[in-house]
Amino acid sequence: AKLSTKARLACALLHERGLGEASAFHAYVAQLPETFAMPATWTEAERRQLCYPPLERAAARLEATWEAACASVPGVPREEMLWALQAVESRAFSGQLTEGVTELAPRVAAGAGAAL
């Protein structure tokens, strides 16, 4: 099965975490939380306490997506993959870029971000 973009990013994060201090991203990875409190990891009973069915359903869908990703990456402990998926989900986004962002991205990539 093909992994989603966020699942692939989670795998890359785990790879970088495994490199430890040898990773170019060590400082970033080291500051990530060890645990997350995301509704997708809550029990169904805990989700019902949200009293907002659309969020409850969204959390259940995300949980199913994460479980499928965990099952698709053999050799990676489930808890480690869930940690990485939560780190990615809480820090990355996807979607169509809005006007203005596409002009900004090349400047940031070129190192001009500090001058913004």
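From a predicted model like this one, the values you see are computed outputs, not experimental measurements.
- In the hydrophobic cluster analysis, where Ile, Leu, Val, Met, Phe, Trp and Tyr join through side-chain heavy atoms closer than 4.5 angstrom, M38 is grouped apart from Y52.
- In terms of heavy-atom proximity, A69 sits nearest to L85 at CB-CD1, 4.1 Å.
- By the 4.5 Å heavy-atom criterion applied to side chains, L32 and R91 are counted as neighbours.
- Looking at V76 and C70, their side chains never come closer than 4.5 Å, going by heavy atoms from C-beta outward.
- Between T41 and E63, the closest side-chain pair of non-hydrogen atoms is not below 4.5 Å.
- The closest donor-acceptor contact from the side chain of R47 to the backbone of E56 lies at 3.5 Å or more, if one exists at all.
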Using residues 13-24 as the side-chain source, report each donor-acceptor pair under 3.5 Å to any protein atom, sequence neighbours left out, with the distance given to one decimal.
| residue | atom | partner | partner atom | Å |
| --- | --- | --- | --- | --- |
| E16 | OE1 | S23 | OG | 2.4 |
| R17 | NH2 | E34 | OE1 | 2.9 |
| R17 | NH2 | E34 | OE2 | 3.2 |
| S23 | OG | F25 | N | 2.9 |

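- In terms of hydrophobic clustering, with Ile, Leu, Val, Met, Phe, Trp and Tyr side chains grouped at heavy-atom distances under 4.5 Å, V88 and Y28 are assigned to a common cluster.
- Contacts classified as salt bridge (Lys or Arg N to Asp or Glu O under 4.0 Å) and involving residues 68-82 (residues at least two apart or in different chains) are given here: E67-R78.
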field: CA sep, side-chain torsions, deciding dist, call: W42, L50, side-chain contact (heavy atoms from CB on, under 4.5 Å)
entry: CA-CA 11 Å; W42 298 354; L50 292 168; 3.5 Å; yes
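- One hydrophobic cluster holds both F36 and L9 under the rule that ILVMFWY side chains link at heavy-atom gaps under 4.5 Å.
- Between the side chain of W66 and the main chain of M81, no donor-acceptor pair closer than 3.5 Å is present.
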